[in-house]
Amino acid sequence: MTPERYEKIRRVLSRRQPTLTVLMDEVNKPHNFSAILRTCDAVGVLTAHAVPPKSGALPTFDATSGSAHKWVGVVKHPDALGAVRQLQAQDVQVLATHLSQRSLDYREPDYTRPTCVLLGAEKWGVSDEAAEAADANIVIPMFGMVQSLNVSVAAATILFEAQRQRLAAGMYATPQLAPAELERLAFEWAYP
Ligand code: SAM
């Protein structure tokens, strides 16, 4: 471990956003799962959440992640509704990406608040019960012939809006992690 590498780790951790996360509800294609984690790393998500597909394990990581899985933790949950309630109990607003009547334009919510973006399975989307339990439903307006985007593209679009708002609010300029936690994670990342 060179001093430069250790400094880079500390710099990255000093921009991590522990109050921004995603919940992947049965996202089952490895390239989508990995691409979402790569975007999480880029915007500073510290820990992502995931409900594994019914088939069992979380989708395996592939080259698409660009090693992001090493830098973004993943917490597994048995079901989406339980995960939504658990996050809300920690004062996190859950924004479900859902194509429904009550969906807001994805740029409307305040992403400087503790926020989780709930993303749905490739085929079925977010379950109705999880969307119902969410604090709001959001949608990226679509004007084409196809009804929806690829889930990793939708995740990136929304997370970079969150990044834009948080940059404007100065949330990348001062560490959001407590000093002791930042140092603990730096050591862990440097010497896994
Ligand atoms: N038939 C599914 C439905 O009606 O929800 C389509 C699922 S879409 C291919 C997979 C996931 O991508 C969605 O659950 C959502 O998380 C995200 N997504 C796709 N297009 C979106 C959009 N326009 N706005 C917000 N999220 C979108």
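Read the numbers this way: they start at 1 and go in the same order the structure lists the ligands and their atoms.
Across every non-hydrogen atom of Gly120 and Val27, the tightest pair is O-CG2, 3.6 Å. When all heavy atoms of His98 and Val139 are compared, the closest pair comes out as O-CB, 4.1 Å.
No side-chain heavy atom of His49 sits less than 4.5 Å from a side-chain heavy atom of Val74.
Taking a cutoff of 4.0 Å between a charged side-chain nitrogen and a carboxylate oxygen, Arg16 and Asp41 qualify as a salt bridge.
Side chain of Glu122 to backbone of Asn28: a donor-acceptor contact under 3.5 angstrom is found.
Sorted by first then second residue, the salt bridge (charged side-chain N to carboxylate O under 4.0 Å, His left out) pairs that include residues 74-95, not counting sequence neighbours, number zero.
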Can you list every pair where an N/O of ligand 1 is under 3.5 Å from an N/O on the protein?
{"residue": "ligand 1", "atom": "1 (N)", "partner": "Lys123", "partner atom": "O", "Å": "3.3"}
{"residue": "ligand 1", "atom": "14 (O)", "partner": "Gly120", "partner atom": "N", "Å": "3.2"}
{"residue": "ligand 1", "atom": "16 (O)", "partner": "Thr97", "partner atom": "OG1", "Å": "2.6"}
{"residue": "ligand 1", "atom": "16 (O)", "partner": "Gly120", "partner atom": "N", "Å": "3.0"}
{"residue": "ligand 1", "atom": "20 (N)", "partner": "Leu149", "partner atom": "N", "Å": "2.9"}
{"residue": "ligand 1", "atom": "23 (N)", "partner": "Ile140", "partner atom": "O", "Å": "3.0"}
{"residue": "ligand 1", "atom": "24 (N)", "partner": "Ile140", "partner atom": "N", "Å": "2.9"}

